[in-house]
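Step one of this worksheet: look at the structure below.
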Amino acid sequence: MTVQRRNTKQRTLVLDAVRSRNDHPTAEDIYLDVRRQDDKISRATVYRNLRLLEDTHAITCVKAPGGDRFDLRLDAHAHVVCTECGAVIDATLPYDESADDAVATGTGFAVTGHSTIFTGICPNCQRAGNPEQ
């Protein structure tokens, strides 16, 4: 049985905060954004609503090194994480369903999907670390 949840003002504020960003924000980023609009909202409320939005497939959670990030894109896609500053961006790589099939064949798992995270150093950090670039 699916529980219907009513859409609360707090949940709307949290979703709007995720929608207003394109940088894969952390829960803390979202909390700080929402606090600017409602100074009475708690961290727990923001974090709980992020999980509810993830559970209802309104947003996705990127399990990135350094902590979870949130994304409005619901399609399967890869991400790139900067190991210097922690920036997270979408990778320009199509989702590879054949990888699911290959892993399923090799392991016996009923693979339902995968997430891919590449790590590296973003252009801004490269420039900061090497002024000649």
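Residue Asn22 qualifies as open at atom CG: its count of foreign heavy atoms under 6.0 Å is 12 or below. For CD of Glu97, the number of neighbouring non-hydrogen atoms (other residues, nucleotides, ligands) closer than 6.0 Å is 12 at most.
Residue pairs meeting the salt bridge (charged side-chain N to carboxylate O under 4.0 Å, His left out) criterion with at least one member in residues 39-63, sequence neighbours excluded, are Glu28-Arg43, Arg51-Glu54, Arg51-Asp68, Lys63-Asp68. For residues 52-76, the set of pairs meeting the ring-ring contact (aromatic ring centres under 6.0 Å, His included) definition, not counting sequence neighbours, is empty. Applying the ring-ring contact (aromatic ring centres under 6.0 Å, His included) test to residues at least two apart or on different chains, none of the pairs has a partner in residues 25-50.
Looking at residues two or more places apart in sequence or on another chain, you find a side-chain hydrogen bond (donor to acceptor under 3.5 Å, both in side chains) between Ser42 and Thr45. Ile89 is linked by a side-chain contact (heavy atoms from CB on, under 4.5 Å) to Val80, counting only residues two or more places apart in sequence or in another chain. Listed by chain and residue number, His24, His77 satisfy the ring-ring contact (aromatic ring centres under 6.0 Å, His included) test with His79 (two or more places apart in sequence, or in another chain). Under the rule for a side-chain contact (heavy atoms from CB on, under 4.5 Å), the partners of Thr83 that lie at least two apart in sequence or sit in another chain are Thr119, Ile121. Residues satisfying the side-chain hydrogen bond (donor to acceptor under 3.5 Å, both in side chains) criterion with Asp29, sequence neighbours excluded, are Thr26. Contacts of Asp38 classified as side-chain hydrogen bond (donor to acceptor under 3.5 Å, both in side chains), with partners at least two apart in sequence or in another chain: none. With sequence neighbours excluded, the residues satisfying side-chain contact (heavy atoms from CB on, under 4.5 Å) with Val111 are Asp100, Val103, Ala104, Phe109. Every residue two or more places apart in sequence or in another chain was checked for a side-chain hydrogen bond (donor to acceptor under 3.5 Å, both in side chains) with Asp101, and none qualifies.
Across all non-hydrogen atoms, the minimal contact from Ala64 to Ile117 is CA-CD1, 3.8 Å. Across all their heavy atoms, Cys82 and Cys122 have their closest contact at SG-N, 3.3 Å. Of all the heavy atoms in Leu72 and Ala58, the pair that sits closest is CD2-O, 4.2 Å. Scanning both residues, Arg35 and Ile41, for their nearest heavy atoms gives NH1-O, 3.0 Å. Gly113 approaches Tyr95 most closely through the heavy-atom pair CA-OH, 3.2 Å.
Between Ile30 atom CD1 and Ser20 atom OG the span is 6.5 Å, to the nearest 0.5 Å. Separating the CZ atom in Arg21 from the CG atom in Asp33 is a distance of 4.5 Å, to the nearest 0.5 Å.
A 4.5 Å side-chain heavy-atom check between Lys9 and Thr12 finds every atom pair outside the cut-off. Side-chain atoms of Val18 and Leu50, non-hydrogen and from C-beta on, do get closer than 4.5 Å to each other.
Leu32 and Val34 end up in the same hydrophobic cluster when Ile, Leu, Val, Met, Phe, Trp and Tyr side chains are linked at under 4.5 Å. By the rule that hydrophobic residues join a cluster once side-chain heavy atoms approach within less than 4.5 Å of another member, Leu15 and Val46 end up as members of one cluster.
A salt bridge between Arg73 and Asp71 is absent, with no side-chain N of the basic residue lying under 4.0 Å from a carboxylate O of the acidic one.
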After noting the C-alpha distance and the side-chain angles of Val14 and Ile59, does the key distance pass the side chain to side chain contact (heavy atoms under 4.5 Å, CB included) rule? CA-CA 11 Å; Val14 170; Ile59 62 175; over 6 Å; no
